[in-house]
J.: 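Questions regarding the structure given below will be posed in turn.
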Amino acid sequence: MRITGVESQVVSLPFGMGGPPPSFAGKAWTHLDILLVRVATDEGLVGWGEAFGHAGIQATRAALDGIVAPLVLGRGAGDIAGLTREVLHAVHLLGRNGPFVFAFSGVEIALWDLAGKRSGQPLAGLLGGGARGDLPAYASLLAYGDPALVRRNVEAACAAGYRYVKLHEVTREAVAAGAAAAREAGARLMVDVNCAWSVPAARRMAEAFAPHGLLWLEEPVWPPEDAHGLARVRGCGIPVAAGENTAGLHGFRALVEAGALDVAQPSVTKIGGIGEMLRVMTLCEAHGVEVAPHSPYCGPGFLATLHLASARVERPLVEVLWLDMEANPFDPWVRAGNGRVRLPPGPGLGCEPDPAVLDRYRVGPVVRTT
Ligand SMILES: [Mg+2]
């Protein structure tokens with residue numbers, strides 16, 4: 001089975017989040033943009049992947065269309081490990097953590113989708129997992145800044161059935177408001193501060209948050225590769241989670257060996273795809289570090305995370321963005337119900353995108369490399 005074509009396209013899905021949208025680089029964040037990768041083969045099968053984009057989606061797309069797609073064209077679709085080694089070596093001088101690795105992640109996920117389709121198995125089964133029909137999820141709230149809005153949205157997430165809620169807030173007031181709402185609903189709270197603090201500031205804030213009984217404090221330290229700094233925040237009363245900005249197996253090895261992590265958060269659309277996730281998961285198993293994959297996305301990367309978590313995480317907890325999308329080509333599988341997410345039952349990732357939804361929400365052209 002050879003790769004005969006790689007297509008990229010972006011869909012832009014309007015969403016609401018129960019408050020004013022945050023802004024990034026001067027733009028209000030009102031649409032969820034997904035960079036979709038479609039890999040076609042000479043056997044007629046196609047696979048779907050997702051490459052991390054966020055505000056940098058056009059940079060990832062340029063890396064995909066200009067470099068990564070030509071590198072994989074004509075290659076065998078089944079030797080995923082060999083292709084990973086070859087492509088990541090070819091682009092390593094362009095960055096070990098950034099658009100080129102994100103772009104390859106999208107291709108790699110599509111190759112696993114193809115492998116599942118070719119064998120007639122769901123990806124979770126291909127990875128050696130059993131048939132878990134659904135998994136517990138947590139609501140990952142965007143940043144509100146306003147304690148009243150934080151409280152209102154934690155209450156709404158709990159009313160929707162979530163038993164776990166994560167905030168993206170950095171102030172004591174906002175976290176206290178979220179913690180009070182979670183406590184009243186009998187839910188557990190996590191806090192993600194996206195690398196906001198120096199190590200001494202992170203230690204002070206962790207000690208201040210400790211009475212709230214958080215499940216974890218995520219990325220408390222700037223920069224994210226300060227493994228020894230993260231290790232110093234452990235022991236301040238809250239388990240430490242990190243890893244969404246960590247480059248590959250060896251980046252995680254540095255964190256684990258420094259004693260930096262209670263919870264590892266590898267990200268399938270960023271780290272190089274499913275194979276690298278498996279290598280990181282094995283490393284974490286060997287060192288007694290829990291894994292809660294980073295998955296604030298809503299396409300094939302999310303579906304891949306469901307299969308990985310189902311097959312390889314003993315106590316999975318799946319990150320689901322707390323936002324209300326107008327539509328999604330992978331509905332209904334990218335949404336939670338009563339605090340749980342279901343695995344689509346088909347082979348590979350388990351479902352195909354709805355072409356009408358792709359057409360309706362696509363922005364820009366479909367770029368084909370053939
Ligand atoms: Mg995070």
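All ligand and atom numbering here is 1-based and tracks the order in the structure. Here the structure is a predicted model, which is why all the values come from computation and not from measurement. Residue numbers start at 1 and run along the sequence shown.
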J.: Taking ring pair (Phe, Tyr, Trp, His ring centres under 6.0 Å) as the criterion, tell me which of Phe104, Phe302, Phe102 meets it with Phe52.
T.: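 Of the listed options, the one satisfying the test is Phe102.
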
J.: Given the ring of Tyr138, does Lys166 sit roughly above its face, with NZ or CZ under 6.0 Å from the centre of the six-membered ring and within 45° of the axis?
T.: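 Pair Lys166/Tyr138 does not count as cation-pi.
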
J.: As a test of reading the structure, name the N/O/S atom of Glu218 that is nearest the Mg ion (ligand 1).
T.: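 Of all N, O or S atoms belonging to Glu218, OE2 is the one nearest the Mg ion (ligand 1).
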
J.: Restricting to N, O or S, what is the name of the atom of Asp192 that lies nearest the Mg ion (ligand 1)?
T.: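 In Asp192, the heteroatom (N, O or S) nearest the Mg ion (ligand 1) is OD2.
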
J.: Answer yes or no: is there a donor N or O on one side and an acceptor on the other, between the side chain of Thr4 and the main chain of Ala40, under 3.5 Å?
T.: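 It does hold such a pair.
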
J.: Might you point out which heavy atoms bring Asn328 and Cys298 nearest each other, and give the distance in Å?
T.: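 Taking Asn328 first and Cys298 second, the nearest heavy atoms are ND2-O, 2.8 Å.
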
J.: Does any N, O or S atom of Glu219, backbone or side chain, fall under 2.8 Å from the Mg ion (ligand 1)?
T.: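 So Glu219 does not count as coordinating the Mg ion (ligand 1).
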
J.: Suppose we only allow N, O or S atoms; which atom of Glu244 ends up nearest to the Mg ion (ligand 1)?
T.: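 Going through the N, O and S atoms of Glu244 one by one, OE1 ends up nearest to the Mg ion (ligand 1).
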
